[in-house]
Amino acid sequence: MPRRTDIRTILIIGSGPIVIGQGCEFDYSGTQACKALREEGYRVVLVNSNPATIMTDPAFSDRTYIEPITPETVEKIILREKELGTPIDALLPTLGGQTALNCACALWDKGILQKHGVEMIGADREVIHRAEDREAFRKIVERLGLKQPLSRTVTTMDEAREFLKECGLPAIIRPAFTLGGTGGGIAYNLEEFEEIIRRGLSASMIGQVLIDKSVLGWKEYELEVVRDRKDNCIIVCGIENIDPMGVHTGDSVTVAPIMTLSDKEYQRMRDAAFAIMRAVGVQTGGSNVQFGVCPETGEMVVIEMNPRVSRSSALASKATGFPIARIAAKLAVGYSLDELTNDITGTTSACFEPSIDYVVVKVPRWTFEKFPEADETLTTQMKSVGEAMAIGRTFKEAFQKAIRSMEVKRFGFGLDNNDRWLRQLRAAAVPAGTATSSETRVSRPTEAASADWPIPEDTLLRSSRCRARDASTSCATR
């Protein structure tokens with residue numbers, strides 16, 4: 001299918017300022033899309049409020065607006081382009097993260113796009129609703145015969161309390177139409193449950209949260225899927241979380257390709273991802289589907305889906321060499337996968353699924369030292385501010401390289417004196433009076449020799465109580 005000739009000017013919405021959960025990966029995706037569309041002769045108009053991005057460079061678009069990403073501002077831009085004689089024909093909302101997606105939805109819901117004759121390409125409003133609305137997505141999964149954790153969508157505190165009687169604690173709470181798990185979390189008691197529900201309802205664009213029965217400890221996987229108008233579907237990359245369910249993907253150490261699934265389990269997961277893509281109705285572009293697998297029984301459940309280029313898409317693109325955002329932009333304007341060339345091989349089409357003979361590991365980076373009052377507990381709400389990726393011939397090599405890439409004065413896992421477990425082990429292994437000078441340094445009666453590893457639970461509880469007491473004392477003295 002040739003590219004569309006009925007559209008000339010395409011509006012791309014960026015992701016705005018860099019925040020926790022939405023960073024430079026969307027600048028990477030948007031830059032790729034701008035280049036791809038201009039290659040095809042389309043006129044690109046870009047709106048992004050963050051000037052410190054590559055995509056806002058004048059070379060990547062025909063006109064760039066450094067303006068707030070709000071429906072009111074975007075409507076003014078549409079009117080301005082019409083006055084200049086270059087009306088916007090289409091809006092591509094799937095490359096600017098949740099910010100762009102929510103803004104596009106608001107533009108459609110207010111009738112602004114229909115009023116000015118602007119078409120949504122890549123994913124229309126109905127597709128976004130089916131994927132992002134927790135209740136609509138749950139019904140699709142059930143209709144396909146797939147499983148989800150026992151769950152219910154609620155819009156009020158009373159509905160939440162009613163379902164709590166059925167699912168019990170701990171419970172996982174995930175708001176709709178948010179990025180990075182904003183407003184969500186894991187509730188272990190009633191007080192936490194009501195606090196997270198209130199926070200989630202406030203954070204959700206439609207005032208809706210999904211309450212899941214706990215699947216903490218299950219293995220988590222995600223598949224990067226691409227589909228075109230001819231219903232060709234491919235898996236670009238499978239990613240496995242080393243951390244179990246209960247830790248946000250952005251806060252988890254991840255590895256590609258998937259290491260611990262049998263071929264039969266992987267094919268079952270692959271088929272489920274394709275079925276979800278088709279049922280949700282994503283006609284073109286990339287999506288991210290997440291699964292949980294019980295390590296004891298092998299039971300598979302569907303967690304969620306993102307009908308857009310996601311944070312993991314940038315990782316998958318770098319890991320495999322398959323430019324997801326670039327391909328997604330070209331699919332949105334009418335091309336099919338078999339018509340596009342794989343940029344890496346230069347000879348095969350984009351229909352072929354990438355296959356890698358190396359291992360890629362991603363390790364997140366936190367800066368809690370800059371936020372001393374922040375809760376360092378990792379939950380379903382993302383808290384990392386960046387990440388590093390490493391490539392190796394084996395998992396061990398890639399994992400150690402990724403740790404060295406974090407710039408936290410660590411030379412790898414178990415490779416330096418900052419490793420408490422290693423220092424305790426070495427100190428215990430050296431007989432009294434026989435230590436060399438370097439061994440003596442390790443076995444001094446400091447934190448190294450006295451550290452218990454793993455840290456006893458009562459120590460952690462005392463520490464948390466002390467932090468709470470210090471915080472209350474600080475508040476009282478203000």
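Because the structure is predicted, anything quoted here is derived from the model rather than measured. For this chain, numbers begin at 1 and follow the sequence in order. Hydrogens, waters and symmetry mates play no part in the numbers below; they use all other heavy atoms, side chains included.
- Formation of a donor-acceptor pair under 3.5 Å by the N241 side chain with backbone atoms of P244 is not found in this model.
- In terms of heavy atoms, P364 sits closest to S252 at CD-O, 3.6 Å.
- Formation of a donor-acceptor pair under 3.5 Å by the R38 side chain with backbone atoms of A59 is found in this model.
- With hydrogens and angles ignored, the 3.5 Å screen pairs no side-chain donor or acceptor of K383 with any backbone N or O of F368.
- With respect to the salt-bridge test (charged N to carboxylate O, under 4.0 angstrom), the residues E75 and K115 qualify.
- The pair E135-R138 counts as a salt bridge, with a side-chain nitrogen and a carboxylate oxygen less than 4.0 angstrom apart.
- Residues I235 and V225 form a side-chain contact, since some pair of their non-hydrogen atoms from C-beta on lies under 4.5 Å apart.
- We find that E126 and R130 are joined by a salt bridge, their nearest charged nitrogen and carboxylate oxygen being less than 4.0 Å apart.
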Tell me, with the steps shown, if K219 and M245 meet side chain to side chain contact (heavy atoms under 4.5 Å, CB included). CA-CA 6 Å; K219 297 190 291 183; M245 289 285 297; over 6 Å; no
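- With rounding to the nearest 0.5 angstrom, the OG1 atom of T380 is 11.5 Å from the CD1 atom of I303.
- Checking side-chain atoms of D27 against main-chain N and O of T53 turns up no donor-acceptor pair under 3.5 Å.
- Counting only residues at least two apart or in different chains, salt bridge (Lys or Arg N to Asp or Glu O under 4.0 Å) contacts with residues 319-335 comprise E39-R326, E39-K330, E40-K330, R326-D343.
- Using a 4.5 Å heavy-atom cutoff, the side chains of L101 and Q98 are in contact.
- Of the options R198, E194, R199, a side chain to side chain contact (heavy atoms under 4.5 Å, CB included) to I196 is made by R199 and by none of the others.
- Under the salt bridge (Lys or Arg N to Asp or Glu O under 4.0 Å) criterion, no residue pair touches residues 243-252, with sequence neighbours excluded.
- For Y335 and R229, the side-chain atoms include no donor-acceptor pair closer than 3.5 Å.
- For the residue pair T86 and E81, a side-chain donor N or O sits within less than 3.5 Å of a side-chain acceptor on the partner.
- Each of L315, V361, V360 was evaluated against T254; a single residue qualifies, L315, per the side chain to side chain contact (heavy atoms under 4.5 Å, CB included) test.
- Listed here is the closest heavy atom pair of I324 and S313: CD1-O, 3.7 Å.
- Of all heavy-atom pairs between I327 and A350, the closest is CD1-CB, 4.3 Å.
- Counting heavy atoms from C-beta on, the side chains of D212 and L150 never come closer than 4.5 Å.
- Between the side chains of S336 and D338, at least one donor N or O sits under 3.5 Å from an acceptor N or O.
- Residues R43 and L37 form no side-chain contact, since every pair of their non-hydrogen atoms from C-beta on lies 4.5 Å or further apart.
- Of the possible donor and acceptor atoms, none in the side chain of S204 sits under 3.5 Å from a partner among the backbone N and O of L201.
- Of all non-hydrogen atoms in M55 and L46, the two that sit nearest each other are O-CD2, 3.0 Å.
- Between G392 and Y358 the shortest heavy-atom distance is O-CB, 3.5 Å.
- The main-chain N or O of M205 is never found under 3.5 Å from a side-chain atom of N102 such that the two would form a donor-acceptor pair.
- Counting only heavy atoms from C-beta outward, the side chains of Q381 and H248 never approach each other to under 4.5 Å.
- Here the CZ atom belonging to R152 is positioned 13.0 Å from the NZ atom belonging to K213, to the nearest 0.5 angstrom.
- A side-chain donor from one of T70 and T73 sits under 3.5 Å from a side-chain acceptor of the other.
- In this structure, D158 pairs ionically with R161, as a charged nitrogen and a carboxylate oxygen lie closer than 4.0 Å.
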Given the rule in the side chain to side chain contact (heavy atoms under 4.5 Å, CB included) test, do F322 and E224 qualify, once you have shown the distances and angles that lead to the verdict? CA-CA 11 Å; F322 188 100; E224 291 294 327; over 6 Å; no
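- Panel note: side chain Q208, backbone R134; a donor-acceptor pair is recorded below 3.5 Å.
- One finds the CG atom of L261 at 5.0 Å from the CE atom of M269 (value rounded to the nearest 0.5 Å).
- Salt bridge D228/K230: absent, no basic N to carboxylate O contact under 4.0 Å.
- Taking 4.0 Å as the cut-off between side-chain N and carboxylate O, E339 and R3 do not count as a salt-bridged pair.
- Taking both residues in full, the closest heavy atoms of I211 and F163 are given as O-CE2, 3.4 Å, listed atom of the first, atom of the second, then distance.
- In this model, a donor atom of one side chain and an acceptor atom of the other lie less than 3.5 Å apart for E240 and T260.
- Contact check for R311 versus M382: side-chain heavy atoms found under the 4.5 Å cut-off.
- Looking at D89, its side chain does come within 3.5 Å of a backbone N or O of T9 through a donor-acceptor pair.
- Side chain of K110 to main chain of P71: no donor-acceptor pair is present (N/O by atom type, distance under 3.5 Å, no hydrogens or angles).
- When side chains are defined from C-beta on, V301 does not count as touching F291, because their heavy atoms never get closer than 4.5 Å.
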Please step through side chain to side chain contact (heavy atoms under 4.5 Å, CB included) for the pair I12 and L91, ending with a clear verdict. CA-CA 6 Å; I12 293 179; L91 166 64; over 6 Å; no
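- Not one N or O on the side chain of S310 forms a donor-acceptor pair closer than 3.5 Å with the backbone of N306.
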Output, in order, the C-alpha distance, side-chain angles, deciding distance and verdict of side chain to side chain contact (heavy atoms under 4.5 Å, CB included) for N48 and I66. CA-CA 5 Å; N48 196 351; I66 309 294; 5.5 Å; no
